[in-house]
Amino acid sequence: MKVLFDVDTGVDDAFALLYAIFKPQYEIVGISTVCGNVESWLAAENTLKILDLADAPDIPVVQGASAPLKGRWEGRVSTIHGDNGLGNIELLKSKRRLHEEDTADFHMRLAELYEGELVLITLGPLTNVARTLEKYPSFSKKVKKMVMMGGTIYSRGNVSPVGEANIVCDPEACDAVFLSGMDITAVGLDVTMKVRLKEAHMEWLARCCSPRAGRAVEFLNEALKHYWYGNQVQNYCIGDCPVHDPLAVMYAGTPSLMRTETRRARVECGGSYCRGMVVTDLREHPIPGGDVSFALEVDPERALRELLSPFWEI
Ligand code: BDR
Ligand code: CA
């Protein structure tokens with residue numbers, strides 16, 4: 001599977017990238033970064049460091065949008081991801097260079113190069129993707145499908161009563177993407193909050209991982225300490241944390257992990273309490289909008305086994 005990632009590399013984005021790098025099923029052909037958990041320049045630096053950690057091949061990484069389409073960015077999500085986005089673990093600065101290309105051009109070039117094959121996986125706010133669609137509306141039909149981490153239908157929000165962080169950061173972008181006609185599956189809090197990673201899982205992985213994944217697992221164990229703590233403070237998780245971004249990557253490769261439902265969807269772009277809420281319409285004549293498939297159920301045990309397996313199989 002040829003994969004184009006769009007990320008805001010924080011701790012769980014890092015985990016998701018490492019999973020994909022170590023899983024042979026995924027061929028990462030490009031990565032763009034967006035402002036979300038951290039600034040897009042820091043997300044780019046973090047991404048290069050993660051590629052180093054996994055001894056990944058040369059993958060082009062472009063630095064994308066540094067602010068949402070409208071409104072202002074709220075700043076780094078330090079409680080969850082640490083001040084540097086990587087749980088305050090200082091990895092060596094990478095010697096890899098960023099790829100210099102306009103993000104929309106980069107996206108479209110890859111979509112044309114791998115027309116009908118490219119799977120777009122987004123792990124952050126959708127600013128870059130919305131901009132690409134604005135410049136190249138046909139992008140929506142050139143990619144095979146898009147899997148996004150974001151949103152919630154039935155679970156409570158994580159940054160507002162009804163909003164999930166990636167969408168609340170840039171609701172206008174997500175709404176535009178929903179309307180684009182792209183084949184989209186949203187893997188949101190309805191499933192990610194149900195898959196809980198415990199310290200014991202990671203201790204086990206530290207003992208059993210393959211030598212090639214050793215440095216990556218050591219890093220994850222350190223970075224997750226901050227992530228566990230942050231999730232305890234913000235999400236009432238005691239002794240475990242939700243698996244957000246990796247689950248979107250896993251869905252792209254193993255859709256049978258989840259049950260999805262297609263619904264007509266828009267994103268609330270106004271309001272004080274509901275900005276960033278995903279609104280789906282189950283009426284016979286729903287509001288005009290895009291048909292989006294939402295992951296609503298997951299097999300948590302199977303998902304956790306799948307999450308860890310590349311780290312010992314590689
Ligand atoms: C999403 O927000 C970010 O903090 C995570 O990286 C994930 O993409 C979860 O709501
Ligand atoms: Ca993310």
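Since we're looking at a predicted model, the values are computed, not measured.
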Interatomic distance, CG@L296 vs OG@S155, rounded to 0.5 Å, equals 9.5 Å
Please tell me whether F311 and F15 form a close aromatic pair, meaning their ring centres lie under 6.0 Å apart.
yes
- Treat each ILVMFWY residue as a node, draw an edge where side-chain heavy atoms are under 4.5 Å apart, and state whether L113 and L118 are in one component. yes
F5 reachable from L42 in the ILVMFWY side-chain graph, under 4.5 Å edges: no
Classify the ring geometry of Y227 against H81: parallel below 30°, tilted from 30° to 60°, perpendicular beyond 60°.
tilted
Exceeds 12 heavy-atom contacts within 6.0 angstrom, atom NZ of K145
yes
Heavy atoms of M108 and S138 approach each other most closely as CE-OG, 3.3 Å
TODO: Find out whether L197 and L224 are in side-chain contact, i.e. whether some heavy atom of one side chain is under 4.5 Å from a heavy atom of the other.
DONE: yes
Rounding to 0.5 Å, atoms OG (S140) and CG (L120) come to a distance of 11.5 Å
### Query
With a 4.0 Å cut-off, would you call E199 and K225 a salt bridge?
no
Item to check | Sidechain N-carboxylate O distance under 4.0 Å for K142, E115 | outcome: yes
**Study point:** Pair E172 + R275, salt bridge at N-O below 4.0 Å
**Key:** yes
### Task
Could you check if a side-chain atom of D291 sits within less than 4.5 angstrom of a side-chain atom of R264, using non-hydrogen atoms only?
yes
Quick check on E261: does its CD atom have over 12 non-hydrogen neighbours (other residues, nucleotides or ligands) under 6.0 Å away?
yes
Could you go through V162 and E268, starting from their C-alpha distance and side-chain angles, then the distance that decides it, and tell me whether this counts as side chain to side chain contact (heavy atoms under 4.5 Å, CB included)? CA-CA 10 Å; V162 291; E268 178 57 73; over 6 Å; no
Answer with yes or no whether the side chains of T127 and D170 bring together a donor and an acceptor at under 3.5 Å. yes
| message | Is it the case that the side chain of K135 and the backbone of R131 share a donor-acceptor pair, with hydrogens and angles ignored and the cut-off at 3.5 Å? | response | no
- Task: Identify whether Y251 and L123 are in the same connected component of the hydrophobic contact network (ILVMFWY, side-chain heavy atoms under 4.5 Å).
- Result: yes
Notebook entry, point to check: So, do L308 and H201 sit near enough that their side-chain heavy atoms are less than 4.5 Å apart?
Noted result: yes
Does any non-hydrogen side-chain atom of Y114 lie less than 4.5 Å from one of L4?
no
**Request:** Please state whether the rings of H107 and F139 are parallel, tilted or perpendicular, taking 30° and 60° as the class boundaries.
**Result:** parallel
Quiz item: When you look at NZ of K144, are more than 12 heavy atoms from neighbouring residues, nucleotides or ligands closer to it than 6.0 Å?
Solution: no
**Report entry** Flag if over 12 foreign heavy atoms under 6.0 Å of CD, Q25
**Finding:** yes
Only one of I31, V61, I59, V62 passes side-chain contact (heavy atoms from CB on, under 4.5 Å) with H99, and that residue is V62
Contact check, side chains of V168 and E74, non-hydrogen atoms, under 4.5 Å
no
Residues R212, D55: salt bridge by 4.0 Å N-O rule: no
Review point. Which is it for K70 and C269 under the side chain to side chain contact (heavy atoms under 4.5 Å, CB included) test, yes or no, and what are the steps along the way?
Key: CA-CA 10 Å; K70 283 191 185 155; C269 293; over 6 Å; no
For the pair D52 and K95, find out whether any cationic side-chain nitrogen is under 4.0 Å from an anionic carboxylate oxygen.
no
Closest non-hydrogen contact found for R96 with L48 is O-CD1, 3.5 Å
Note: C169 and C35 closest approach over all heavy atoms is SG-O, 4.2 Å
ask   = Is any side-chain heavy atom of M1 closer than 4.5 Å to a side-chain heavy atom of K23?
value = no
**Heavy-atom neighbours of L92 CG exceed 12 at 6.0 Å** = no
Checking side chain to side chain contact (heavy atoms under 4.5 Å, CB included) for the pair V278/F178: CA distance, chi angles, key distance, verdict? CA-CA 10 Å; V278 174; F178 278 2; 4.2 Å; yes
Margin query: Less than 4.5 Å apart, side chain to side chain, heavy atoms only: is that true for I80 and N231?
Written below: yes
Joining Ile, Leu, Val, Met, Phe, Trp and Tyr whenever any side-chain heavy atoms lie under 4.5 Å apart, the cluster holding I287 also takes in none
key: Validation row: D8, V38 side chains within 4.5 angstrom (heavy atoms)   = no
**Request:** Give the intermediate values and the outcome of side chain to side chain contact (heavy atoms under 4.5 Å, CB included) for residues V119 and Y26.
**Result:** CA-CA 10 Å; V119 177; Y26 299 79; over 6 Å; no
